[in-house]
*Asks:* 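If you scroll down you'll find the structure; I have some questions about it.
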Protein chains: 2
Amino acid sequence: MASPSDGTTKTVTIRDVAAAADVSIGTASKALNGRGRMRVETRDRVLAAAERLGFRPNPLAQGLLAGRTYTVGLVTGDSFGRFSIPVMLGAEDALGAGQISVFMCDTRDDPIRERHYVERLLARRVEGIIVTGRRTEPRPGIGRDLPVPVVYAMTQSTDDSDVSIIPDDEGGGALAARHLMATGRTRIGHVTGPQRFEAARRRAQGMTTALASAGLSPAGEILYGQWSEEWGRQGADVLLHESPDVDAIFCGSDQIARGVAETLRERGRRVPEDVALVGFDNWEPMALGCRPPLTTVDMNLGEIGRLAARHLLDAIAGDPAPGGLTIVPASLVLRESTRRATP
Amino acid sequence: MASPSDGTTKTVTIRDVAAAADVSIGTASKALNGRGRMRVETRDRVLAAAERLGFRPNPLAQGLLAGRTYTVGLVTGDSFGRFSIPVMLGAEDALGAGQISVFMCDTRDDPIRERHYVERLLARRVEGIIVTGRRTEPRPGIGRDLPVPVVYAMTQSTDDSDVSIIPDDEGGGALAARHLMATGRTRIGHVTGPQRFEAARRRAQGMTTALASAGLSPAGEILYGQWSEEWGRQGADVLLHESPDVDAIFCGSDQIARGVAETLRERGRRVPEDVALVGFDNWEPMALGCRPPLTTVDMNLGEIGRLAARHLLDAIAGDPAPGGLTIVPASLVLRESTRRATP
DNA sequence: TCCGGATGAGAAAACCTATTCCCACGGTTT
DNA sequence: AAACCGTGGGAATAGGTTTTCTCATCCGGA
């Protein structure tokens, strides 16, 4: 415990500063905040006293008067998992710069805990709430007619009038497909997660559309399955059986891509010489540990968080964005798995 | 934005409740808090009014008066990474139950940002601070003579008088070694991270000691390298070359273990029939994606967080634990990679 | 030289919200 | 009539910010 013999440390109030500078409390406040008019000498005396005593205004008192708390709540159901963390960091980045502190709440995807936390945040008079999740599936909002603005990031409210910010799954799929075509591939397969996930469907859609506009169609069926390596291994087997001449595989996640890479290696297909491989997520431990390192789509989650925070700040400042969906473009991270074969 | 036409929602104060119930402010307060004596009818009238208006006491005012804020700060340098997240969740678990809210701060391992955040937390009058990190290497504390208690979790202060809570790396290593011996292995190698990491050294130490007390010593050298799959692949090659008769490998991380598993498979050694494999971290996407699924040491990070939170709560309540190290035992998660060969 | 108004410096008080202690005001009991 | 009890109002308090107010000085004009 870094605390000394507790009790010796009494917090310094403006009262102490005023006494030390031999002025009234009001004058001390004005001096510290640069308001009002007074002799430079007086102002300096107050500032010096504050410095000397280590005065730090109590934000509770300030907030009480101003009716502001300079805090926001961050609610996640993802247990701060792989997806919501980058979002959180981006949000904290944007908020922290504005001197706003963040209360964190993990709901463990339990609606009861969620309501409980929202209640608590409102009781604490947060000025806004960011809700993050691990899927882009629409979900019920955290409440109607809340007294503060709410932004959904990396998740989406079923209510169209809410502000939701999600990654561009479709654009990411298109990006992957166009990149593969640009490296000369034409027989491109797709192994991805469960079809019930909107993210999986949109990624597939983006890929299919991009191929179509070049007069191509996917190699074999779109293979929907699980978000796991195990499924990647199985899916690659199915694909190789159905379309033995496949020369590229776009995977719905980096985990799936790793499974696919493993099967390819075991079946004697070289990556990238025989089959190019693109993943999704840019989950670095996975993408870099892959053999070879994985070209993958990055959803720019940090940007999603930053954008969510900015929307929230605007709304708090009284300039709310119109409700609806904001889609953050994805980008492609190039690594070995799609290197063009040196001719 | 769930907020209605902003401005219509005025927060309800106890003044409004008192007016609605036609009592004084003081009486309203007493009614709401069950203090003082008054007619049941009066109390009910106040409670009904509060209910009807949706009154929620302003914690700023309560905190101002009570001199408490019911908040703590959580500072991490790990960018809320793989290690600090479970710690955080554990901490939030323990704190949330006590009606304490958590301010989160990510320092990005930058001492300047760290100091800045600590200042901010103190300005907000948090009642305590938890510092988490990604290594157990001792680090300088966040400050001396802070006015609030501090607990270091999953990291360790260089100041012995601080309270630090870390995982039992040595015990984890011993656990792995004893488990391997219990399944009949006797020639056990070790591939781990860089030697400059205390965690790597302690895990190796735990393993060596456990082997020694059974009259064994490690197969080959302890192979220090990187915390990466790539190194796992290389390390396994080295080990197989130096000690071809190795029948088990304990790895310093699950990532290393995956690399090792891959090399073993390519060299025709079956896991677990020929060589058993134990990882460290129980990082599920890695451990479950491994072929076969990985037996691994779990550091019980959540427990570390919960313990840190409880220590902090105790200190806040005026009952600080004596400074020093608390070590949380690790546990073993059994999976395929160490299954005993069916005879 | 004296008076009135303007100006400047800083003190004093109100305010924000909720809690708590003290006291006054009835009515009842001894 | 005095003591006592239940009830509920009023004020003090916490730590700031902001508005108002007072007092003194200074200047110009008479």
Side-chain angles (χ1 to χ4, degrees), chain A residues 9-50 53-71 99 122-127 147, chain B residues 9-51 53-71 99 120 122-127 147:
Chain A
T9 46
K10 228 194 105 281
T11 49
V12 179
T13 74
I14 200 171
R15 206 174 300 274
D16 304 320
V17 174
D22 201 26
V23 295
S24 75
I25 294 173
T27 304
S29 173
K30 281 185 288 194
L32 292 167
N33 293 288
R35 298 260 157 64
R37 294 136 83 103
M38 67 194 67
R39 271 177 294 171
V40 174
E41 188 271 327
T42 307
R43 191 180 297 274
D44 289 348
R45 207 169 66 236
V46 173
L47 292 177
L53 299 176
F55 170 69
R56 195 185 298 293
N58 185 330
L60 271 60
Q62 291 179 311
L64 186 56
L65 198 56
R68 297 199 55 179
T69 56
Y70 299 95
T71 59
Q99 299 283 18
L122 293 177
R124 285 204 183 269
R125 301 293 198 269
V126 296
E127 300 183 18
Chain B
T9 47
K10 227 191 108 287
T11 49
V12 179
T13 74
I14 199 171
R15 201 177 301 274
D16 304 320
V17 175
D22 200 27
V23 295
S24 74
I25 294 174
T27 303
S29 174
K30 280 182 288 194
L32 291 167
N33 293 288
R35 299 262 155 64
R37 301 148 83 94
M38 67 193 68
R39 271 178 294 170
V40 175
E41 188 271 327
T42 306
R43 193 181 295 276
D44 288 348
R45 207 167 66 235
V46 174
L47 291 176
E51 173 74 18
L53 299 175
F55 171 70
R56 195 184 298 293
N58 185 332
L60 271 59
Q62 290 178 312
L64 184 58
L65 206 54
R68 296 198 56 178
T69 56
Y70 299 95
T71 60
Q99 297 286 19
R120 187 132 114 201
L122 293 177
R124 285 204 183 269
R125 301 292 197 272
V126 295
E127 299 182 22

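Per chain, numbering begins at 1; letters A, B, ... match sequence-line order.
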*Asks:* Looking at B:Arg35, does any N or O in its side chain come under 4.0 Å of the phosphate oxygens OP1/OP2 on C:dT19?
*Replies:* no
*Asks:* Base, sugar-phosphate alone, or nothing: which one does B:Arg15 contact when heavy atoms must sit under 4.0 Å apart?
*Replies:* base
*Asks:* Taking DNA chain D as the partner, which of residues 58-67 of chain B come within under 4.0 angstrom of it by heavy atom?
*Replies:* B:Leu64, B:Leu65
*Asks:* Is there side-chain contact between B:Ile14 and B:Phe55, with at least one heavy-atom pair below 4.5 Å?
*Replies:* yes
*Asks:* Residues in side-chain contact (heavy atoms from CB on, under 4.5 Å) with A:Gln62, at least two apart?
*Replies:* A:Pro57, A:Pro59
*Asks:* To the nearest Å, how far apart are B:Ile25 CD1 and C:dT20 C1'?
*Replies:* 13 Å
*Asks:* What nucleic acid atoms does A:Arg68 come within less than 4.0 Å of, heavy atoms only: base, sugar-phosphate, or nothing?
*Replies:* nothing
*Asks:* For A:Arg39, check side-chain contact (heavy atoms from CB on, under 4.5 Å) against everything at least two apart and list the hits.
*Replies:* A:Thr42
*Asks:* Looking across every strand, which nucleic acid part, if any, lies under 4.0 Å from A:Arg43 by heavy atom: base, sugar-phosphate, or nothing?
*Replies:* nothing
*Asks:* Taking only residues two or more places apart in sequence or in another chain, which ones pass salt bridge (Lys or Arg N to Asp or Glu O under 4.0 Å) with A:Arg45?
*Replies:* A:Glu41
*Asks:* Among residues at least two apart in sequence or on other chains, which ones pass salt bridge (Lys or Arg N to Asp or Glu O under 4.0 Å) with A:Arg68?
*Replies:* A:Glu127
*Asks:* Round to a whole Å and report the spacing from CG of A:Asp22 to P of C:dA9.
*Replies:* 17 Å
*Asks:* The criterion is side chain to side chain donor-acceptor pair (under 3.5 Å); which residues satisfy it with B:Arg124, sequence neighbours excluded?
*Replies:* A:Ser101
*Asks:* Apply salt bridge (Lys or Arg N to Asp or Glu O under 4.0 Å) to A:Arg56 and list each qualifying residue two or more places apart in sequence or on a separate chain.
*Replies:* B:Glu119
*Asks:* I'd like to know if the side chain of A:Asn33 reaches the main chain of A:Lys30, judged simply by a donor and an acceptor atom lying under 3.5 Å from each other, with no hydrogens or angles considered.
*Replies:* no
*Asks:* Is there side-chain contact between A:Thr13 and A:Asn58, with heavy atoms separated by less than 4.5 Å?
*Replies:* no
*Asks:* Only counting residues at least two apart or in another chain, list the ones meeting side-chain contact (heavy atoms from CB on, under 4.5 Å) with A:Ala49.
*Replies:* A:Val17, A:Ala20, A:Ala21, A:Arg52
*Asks:* Below 4.0 Å from chain B heavy atoms, what is the first contacting nucleotide of DNA chain D and what is the last?
*Replies:* D:dG6 to D:dG16
*Asks:* Return the value, rounded to whole Å, for the distance between atom CZ of A:Arg45 and atom C1' of C:dG10.
*Replies:* 10 Å
*Asks:* Check this one for me: any side-chain N or O of A:Thr27 less than 4.0 Å away from OP1 or OP2 of C:dA11?
*Replies:* yes
*Asks:* What is the minimum heavy-atom distance between B:Val126 and B:Thr69, and which atoms define it?
*Replies:* CA-OG1, 4.0 Å
*Asks:* Would you please name every residue forming a side-chain contact (heavy atoms from CB on, under 4.5 Å) with B:Asp22, sequence neighbours left out?
*Replies:* none
*Asks:* Quick check on the helix from C:dT1-D:dA30 to C:dT30-D:dA1: what's the angle between its two end axes, five base pairs per end, to the nearest 10°?
*Replies:* 80°
*Asks:* Between protein and nucleotides 21-29 of chain C, map the contacts as a letter string: B base, S sugar-phosphate only, - none, heavy atoms under 4.0 Å, written 5' to 3'.
*Replies:* B--------
